[in-house]
Colleague: 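Structure incoming, see below.
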Amino acid sequence: EAKSRGRGQVCYFNNAMRRKLKRQADIENDLQHGIKNDEFELYFQPIFSLQDPHIVSFEALVRWHHPKTGFVPPNDFIPIAEQTGQIIDLDLHLLELAGAQLQKWRRAGMPTIRVTVNVSSRHFASLEFVDFMKEIYTKYQLPNGTLCLEITESGLIENLSLATRIIEGLEPLGVKLYLDDFGTGYSALGYLHQLPIHVLKIDKSFVDQLTQKENPLVDAILSLAHSLKLTVVAEGIENPKQWALLKRKGCQFGQGYIVSKPLPADKAMELLLKHTEMVLPI
Ligand code: C2E
Ligand code: MG
Ligand code: MG
Ligand code: MG
């Protein structure tokens, strides 16, 4: 009996593994086609001031409308695209989409609108990325600083001097760098003061904990940011308690379902029009 159950488990394991591998292979195959076929859409989630609540910018978050399997969440394909290197093409495509959307909004009478786009740290290994960003700014006539970037720490420190040159190369465009998911993974604490970044995003996992009690790590991150003269955005604020705590501790900006989920471009614009216009530069 044990033997047959054992065999069953092996079989089950193989099937699960096979399904997973098949799914990864499908995603890998479909990604390139999906870019050409315009299957990716950017949603926009507001970043707001915690002091005197108003929207200061939007984070662009990708959504994949797959013709066969329907909606695919980013956590299902971004890691695969990272592994295969397809993230480079995907990111460049999404930067184009963000640039085009910004231009559209500006033409519709929203001159102060700003967007951040998530990009892989792989881009910070070649100076070509600076030229690409220059092209986007020129092509869509973007005023300096209106299209900014979010990156995670991992990967950045592997080639610190080149990454630094690239970030500095983006400075004439006013491109600010947001360090995403700060505090998770292997923190590059020793390198933080060397990186010419502008904003720290406190990871949602820390903000989640604030629902029960205060977390000394949040204080530590805020005081670190303060001494490095970095702006802080807290991710994933869902309730007023988290908001009040973060505000009291001097965190300037936030993001989360308490104000809005990521929205399609039209809905994001409606939300912005209901609130006061974006004024505070981050
Ligand atoms: P991220 O950049 O840290 O984005 C924040 C994630 O948290 C988003 O998930 C957002 O929808 C979600 N979120 C925001 N506020 C709340 C909240 O109050 N409660 C909860 N439960 N969730 C909240 P999403 O859109 O599924 O994206 C997941 C991750 O995928 C992103 O994490 C980012 O690392 C990656 N990603 C998304 N879009 C892109 C993209 O265009 N390019 C690249 N390279 N990565 C992307
Ligand atoms: Mg992000
Ligand atoms: Mg994040
Ligand atoms: Mg994240």
Side-chain angles (χ1 to χ4, degrees), residues 27 31 34-35 38-48 50 55 57-65 71-102 114-124 129 132 136 147-156 176-185 187 197-211 221 231-243 246 253-265 267-268 271 282:
I27 287 175
L31 254 165
I35 294 174
D38 210 11
E39 290 164 11
F40 295 95
E41 180 184 0
L42 288 178
Y43 272 42
F44 297 89
Q45 186 181 32
I47 297 176
F48 45 86
L50 295 178
I55 296 172
S57 61
F58 286 104
E59 175 177 8
L61 293 153
V62 67
R63 301 292 178 255
W64 187 0
H65 308 286
F71 177 78
V72 190
N75 287 331
D76 282 10
F77 64 91
I78 296 289
I80 295 174
E82 277 278 359
Q83 280 165 34
T84 62
Q86 290 166 305
I87 193 73
I88 298 273
D89 287 347
L90 181 63
D91 281 346
L92 300 185
H93 174 64
L94 298 173
L95 282 166
E96 284 273 351
L97 291 188
Q101 185 60 60
L102 268 170
R114 281 192 315 276
V115 166
T116 63
V117 175
N118 294 279
V119 294
S120 166
S121 57
R122 281 174 179 257
H123 297 286
F124 293 84
F129 186 58
F132 181 84
I136 295 283
L147 183 61
C148 294
L149 302 171
E150 298 197 5
I151 39 168
T152 55
E153 292 168 88
S154 53
L156 263 196
K176 298 214 162 124
L177 266 287
Y178 291 52
L179 204 51
D180 208 350
D181 303 340
F182 187 73
T184 64
S187 240
I197 53 152
H198 309 86
V199 182
L200 286 187
K201 294 189 81 171
I202 301 186
D203 191 66
K204 179 175 179 300
S205 56
F206 297 106
V207 177
D208 285 346
Q209 296 163 9
L210 296 180
T211 308
I221 294 172
T231 300
V232 178
V233 177
E235 297 186 323
I237 302 178
E238 293 182 348
N239 62 60
K241 187 167 177 200
Q242 295 165 327
W243 182 315
L246 287 160
F253 301 101
Q255 192 177 353
Y257 293 176
I258 193 166
V259 167
S260 172
K261 293 192 172 185
L263 300 168
K267 291 275 181 283
L271 181 76
I282 277 197

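Counting convention: from 1, in listed order, for ligands and their atoms alike.
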Colleague: If you count the atoms of ligand 1 from 1 in the order shown, which ones are under 4.0 Å from a heavy atom of P262?
Modeller: 11 (O)
Colleague: Would you mind reporting whether H198 and C148 have side-chain heavy atoms less than 4.5 Å apart?
Modeller: no
Colleague: Select one of side chain, backbone, both or neither to describe which atoms of D203 lie under 4.0 Å from any atom of ligand 1, heavy atoms only.
Modeller: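 Answer for D203: neither.
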Colleague: Using a strict 4.0 Å cut-off to heavy atoms of E59, name the atoms of ligand 1 that fall inside it.
Modeller: 2 (O), 4 (O)
Colleague: Measure K261 to ligand 1 on non-hydrogen atoms and call it side chain, backbone, both or neither using the 4.0 Å cut-off.
Modeller: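 No part of K261 is near ligand 1 at this cut-off.
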Colleague: Tell me whether S121 contacts the main-chain N or O of S154 through its side chain, where contact means a donor paired with an acceptor under 3.5 Å.
Modeller: yes
Colleague: Could you list which atoms of ligand 1 come closer than 4.0 Å to a heavy atom of D181?
Modeller: 3 (O)
Colleague: Can you find an N/O atom of L94 closer than 3.5 Å to an N/O atom of ligand 1?
Modeller: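 No, L94 has no N/O under 3.5 Å of an N/O on ligand 1.
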Colleague: Check whether any side-chain heavy atom of K201 lies under 4.5 Å from a side-chain heavy atom of D181, and answer yes or no.
Modeller: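 No. Closest side-chain heavy atoms not under 4.5 Å.
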Colleague: When you measure from the Mg ion (ligand 3) to each N, O or S atom of E235, which atom gives the shortest distance?
Modeller: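 For E235, the N/O/S atom sitting closest to the Mg ion (ligand 3) is OE2.
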Colleague: Do H65 side-chain atoms and E39 backbone N/O form a donor-acceptor pair below 3.5 Å?
Modeller: no
Colleague: Between E41, E150, Q45, which is the residue that forms a side-chain contact (heavy atoms from CB on, under 4.5 Å) with L61?
Modeller: Q45
Colleague: Is it the side chain, the backbone, both or neither of T152 that has a heavy atom closer than 4.0 Å to ligand 1?
Modeller: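 Within the 4.0 Å criterion, T152 makes no contact with ligand 1.
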Colleague: Got P240 and I258 here, is their nearest side-chain heavy-atom distance under 4.5 Å?
Modeller: yes
Colleague: Checking contacts here: is it the side chain or the backbone of K204 that comes within 4.0 Å of ligand 1, counting heavy atoms only? Could be both or neither.
Modeller: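 Near ligand 1, K204 shows its side chain, while the N, CA, C and O stay back.
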Colleague: Are any N, O or S atoms from E150 nearer to the Mg ion (ligand 3) than 2.8 Å?
Modeller: no
Colleague: Would you say the Mg ion (ligand 2) has Y178 as a near neighbour, meaning an N/O/S atom of that residue under 2.8 Å away?
Modeller: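 No N, O or S atom of Y178 is closer than 2.8 Å to the Mg ion (ligand 2), so no.
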Colleague: Do the side chain of D203 and the main chain of F206 share a donor and acceptor less than 3.5 angstrom apart?
Modeller: no
Colleague: Could you tell me whether Y178 and F253 have their ring centroids closer than 6.0 angstrom?
Modeller: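 Aromatic pair excluded; centres sit 6.0 Å or further apart.
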Colleague: May I ask which of I237, N118, V119, I87 has a heavy atom nearer to atom 46 (C) of ligand 1 than the others do?
Modeller: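 Closest candidate by heavy-atom distance is N118.
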Colleague: Compute the shortest N/O to N/O distance between S120 and ligand 1 and return yes if it is under 3.5 Å, no if not.
Modeller: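 No - when backbone and side-chain N and O of S120 are compared with those of ligand 1, no distance drops under 3.5 Å.
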Colleague: Going by the atom numbers of ligand 1, which of them fall below 4.0 Å from some non-hydrogen atom of G236?
Modeller: 15 (N), 16 (C), 17 (C), 18 (O)
Colleague: Quick one: CG on L92 to NE2 on H123, what's the gap to the nearest 0.5 Å?
Modeller: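 NE2 of H123 is found 5.0 Å from CG of L92.
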Colleague: If you count the atoms of ligand 1 from 1 in the order shown, which ones are under 4.0 Å from a heavy atom of E238?
Modeller: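 Ligand 1 atoms under the 4.0 Å threshold to E238: 17 (C), 18 (O), 19 (N), 20 (C), 21 (N).
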Colleague: Exactly one of V117, N118, V233 should register a side-chain contact (heavy atoms from CB on, under 4.5 Å) with E59. Which one does?
Modeller: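 Testing each of V117, N118, V233 against E59, the sole residue satisfying side-chain contact (heavy atoms from CB on, under 4.5 Å) is N118.
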Colleague: In the structure I gave you, are the side-chain heavy atoms of I237 and L210 within less than 4.5 Å of one another anywhere?
Modeller: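 The answer is no; the side chains never approach within 4.5 Å.
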Colleague: Pull out every atom of ligand 1 sitting under 4.0 Å from any heavy atom of R63, numbered as shown with elements.
Modeller: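 Going through ligand 1 atom by atom, the ones under 4.0 Å from R63 are 11 (O), 24 (P), 25 (O).
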Colleague: With atoms numbered from 1 as shown, which atoms in ligand 1 lie under 4.0 angstrom from a non-hydrogen atom of Q45?
Modeller: 14 (C), 15 (N)
Colleague: Sort and list the pairs that fulfil salt bridge (charged side-chain N to carboxylate O under 4.0 Å, His left out) and have at least one residue in residues 77-100, not counting sequence neighbours.
Modeller: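 Found E82-R122, E96-K139.
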Colleague: Find, among atoms of E59 that are N, O or S, the one nearest to the Mg ion (ligand 2), and state its name.
Modeller: OE2
Colleague: Can you find a non-hydrogen atom of P73 under 4.0 Å from ligand 1?
Modeller: no
Colleague: In terms of atom number and element, which parts of ligand 1 are under 4.0 angstrom from non-hydrogen atoms of G256?
Modeller: 15 (N), 18 (O)
Colleague: Under 4.0 Å, heavy atoms only, figure out whether ligand 1 is touched by the backbone of L61, its side chain, both or neither.
Modeller: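 Near ligand 1, L61 shows its backbone as well as its side chain.
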Colleague: With H93 as reference, evaluate I88, V62, I35 under the side-chain contact (heavy atoms from CB on, under 4.5 Å) test and give the passing residue.
Modeller: I35
Colleague: Work out the angle at the Mg ion (ligand 3) between OD1 of D181 and OD1 of D180, rounded to 10°.
Modeller: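 It rounds to 90°.
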